[in-house]
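Dropping a structure here in structure tokens format, bear with me for questions.
Remember, it's 1-based here, ligands and their atoms both numbered in the order they're listed.
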Amino acid sequence: MEALTIDISKAFGFVPKEDIYDLSEKAVNSIKALEKKTGKGNDFVGWVSLPSSISDIELRDIEKTAALIRKQVEAVVVIGIGGSYLGTRAVAETLSHSFLHLRKNRKNPIVLYAGQNMGEDYLNELMETLDDLKYAIVVISKSGTTTEPAIAFRILKNHLEKKAGRAVARELIVAITDAHKGALRSTATQEGYKTYVIPDDIGGRYSVLTPVGLVPLAIAGIDIRALVKGAIDMEKLTDSSIPFGENPSCLYAAARTALYRSGKKIEILANFENKLHYLAEWWKQLYGESEGKEGKGIFPASVDFSADLHSMGQYIQEGERLLIETVISVKETSSKLLIPKDKNDLDGLNYIAGKRVDAVNKMAELGTMLAHVDGGVPNLRIEIPRLNEYYLGQLLYFFEKACGISGYLLGVNPFDQPGVEAYKKNMFALLEKRGYEEETKKIKSRI
Ligand code: PA5
């Protein structure tokens with residue numbers, strides 16, 4: 001089995017190797033705490049053994065639902081926000097054709113997103129587009145009461161019912177939510193939608209391998225069995241029996257923690273395959289929500305290279321020396337393209353004629369790493385063999401496990417997110433929601 005690898009050697013010039021290896025015992029103990037459910041937030045660690053506990057029956061059921069929907073539609077709208085949205089988008093955008101929406105004779109439905117923002121123009125433009133498409137809806141909310149997806153679902157449910165009729169709409173809506181509670185569960189029961197359950201012990205940002213990700217991804221034509229298989233293999237490669245120096249999640253968590261303690265407060269996740277853009281968005285939520293609390297935590301940011309070398313590259317090379325750069329490197333592309341020879345060579349590129357575009361990309365990657373290390377930015381390098389379901393499954397689980405370990409090394413509960421409630425309270429007070437009368441009075445006196 002080929003696997004993801006991590007190289008932390010370009011951190012050693014910034015923190016002594018011993019500072020990283022000194023964390024080995026704590027890192028392995030953190031995994032034990034995750035496995036035995038004895039650490040902070042222990043009621044939300046269902047994701048730790050999730051990959052190996054997904055049954056064939058569950059996968060077959062999801063594949064059956066996906067097949068039924070796929071043959072009826074040209075598009076699927078995934079309604080959700082945060083952990084109920086980013087995992088699907090990360091995998092779908094990494095593995096789908098970059099120009100799927102412009103291609104004729106598509107094999108797979110286009111995946112569209114709603115409920116991740118409240119832009120009125122966005123929703124109107126989405127509905128204008130859906131007027132001309134046969135589509136299904138997958139609505140996802142663990143709480144079943146989150147405002148953004150609830151608004152989007154109310155609007156799109158109306159749209160689909162008007163377009164296809166209520167009976168057909170019912171067949172084209174799948175709801176993924178809590179087993180018993182929440183407004184979405186009530187609607188789903190009343191309307192008779194096909195539903196899937198989000199387990200109680202798995203929080204949103206760790207839920208991509210539950211039906212939250214697997215159902216929409218299967219509809220999008222992603223091989224969810226290979227995705228799960230990759231995660232199962234990474235579950236084994238990162239369990240507490242693996243020695244620290246051979247456990248990629250431990251090495252990553254310990255390296256970034258030692259760098260943080262040495263004053264590096266910002267971690268940039270960089271890619272040279274821009275299809276990974278949303279993987280980085282998913283990673284930002286995972287680490288930002290898990291670590292950013294109690295006045296602590298690395299600030300996660302991301303860049304798409306080489307595009308962002310022509311914008312953020314300047315800051316990374318010469319700005320405040322607070323940065324860690326973590327690069328996701330993809331060893332092999334899925335296709336090949338050679339740079340052609342040109343008889344006039346007016347652009348001066350004949351010196352690389354005959355080379356693959358990826359060979360040039362790889363030299364940009366190597367040159368960037370060396371330049372940024374020279375400029376004072378430690379580099380952590382994660383390499384995956386290829387962009388496919390199996391290796392993405394490995395990568396997702398690798399990051400989840402490392403995030404749990406990092407949170408424990410930081411001393412926080414990596415599975416709660418109390419800070420996201422503050423804006424909601426203010427928004428409800430400003431909207432004069434029932435039950436918020438006191439807050440409404442208080443907030444109005446401030447504006
Ligand atoms: O990680 C989390 O728990 C959050 O990002 C949630 O996923 C997000 O707020 C959406 O919540 P819900 O699924 O309850 O609508």
Starting from atom 4 (C) of ligand 1, locate the nearest protein heavy atom and write down its residue, its atom name and how far away it is, to 0.1 Å.
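Nearest protein contact, heavy atoms only, for atom 4 (C) of ligand 1 is Q285 NE2, 3.7 Å.
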For S84, the ligand 1 atoms whose distance to one of its heavy atoms is below 4.0 Å:
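Reading through ligand 1 atom by atom, the close ones are 7 (O), 12 (P), 13 (O).
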Classify the side-chain pair T65/Y196 by whether it contains a donor and acceptor separated by less than 3.5 Å.
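Per modelled atom types, T65 and Y196 side chains form a pair under 3.5 Å.
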Can you pull out every salt bridge (Lys or Arg N to Asp or Glu O under 4.0 Å) where at least one residue sits in residues 221-249? Sequence neighbours excluded, please.
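Of all non-adjacent pairs touching residues 221-249, those that pass salt bridge (Lys or Arg N to Asp or Glu O under 4.0 Å) are D56-R225, E63-R225, K229-D233, D233-K236.
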Under 3.5 Å, N or O to N or O, is I140 touching ligand 1 that way?
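No: no nitrogen or oxygen of I140 is under 3.5 Å from one in ligand 1.
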May I ask you to identify the nearest protein heavy atom to atom 7 (O) of ligand 1, giving residue, atom name and distance to one decimal place in Å?
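Protein heavy atom with the smallest distance to atom 7 (O) of ligand 1: G83 N, 2.9 Å.
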Quick one about S290 and R205 (side-chain donor to acceptor, distance below 3.5 Å, no hydrogens or angles considered), yes or no?
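There is such a pair (donor and acceptor under 3.5 Å, judged by atom type) between the side chains of R205 and S290.
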Check this for me, if you would: do E438 and K441 make a salt bridge, where the nitrogen-to-carboxylate-oxygen distance has to be below 4.0 angstrom?
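Looking at E438 and K441, the cut-off is met.
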Looking at atom 11 (O) of ligand 1, what's its closest protein heavy atom, distance included?
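Of every protein heavy atom, T146 OG1, 3.6 Å lies nearest to atom 11 (O) of ligand 1.
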Counting each atom of ligand 1 from 1 as listed, which ones have a heavy atom of S143 under 4.0 Å away?
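Once the distances to S143 are compared, the set is 12 (P), 14 (O), 15 (O).
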Which of the ligand 1 atoms, numbered from 1, are nearer than 4.0 Å to a heavy atom of I81:
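With I81 as reference, the close atoms of ligand 1 come out as 7 (O), 8 (C), 10 (C).
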Taking only residues two or more places apart in sequence or in another chain, which ones pass salt bridge (Lys or Arg N to Asp or Glu O under 4.0 Å) with E273?
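E273 satisfies salt bridge (Lys or Arg N to Asp or Glu O under 4.0 Å) with no residue once adjacent residues are dropped.
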Proximal atoms of ligand 1 relative to S141 (non-hydrogen, under 4.0 Å):
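Within the 4.0 Å cut-off of S141, ligand 1 contributes 12 (P), 13 (O), 14 (O), 15 (O).
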Looking only at protein heavy atoms, identify the closest one to atom 3 (O) of ligand 1 and say how far it is in Å.
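Checked against all protein heavy atoms, atom 3 (O) of ligand 1 sits closest to G204 N, 3.5 Å.
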Report the member of E289, K142, E148 with the shortest heavy-atom distance to atom 2 (C) of ligand 1.
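It is E289 whose heavy atom sits nearest to atom 2 (C) of ligand 1.
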For the backbone of D7 and the side chain of R381, can you confirm whether one donor and one acceptor N or O come within less than 3.5 Å of each other?
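No; judged by distance alone, with no hydrogens or angles, the pair does not exist.
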Would the Y206 and F44 ring centres measure less than 6.0 Å apart?
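They do not qualify: ring centres at least 6.0 Å apart.
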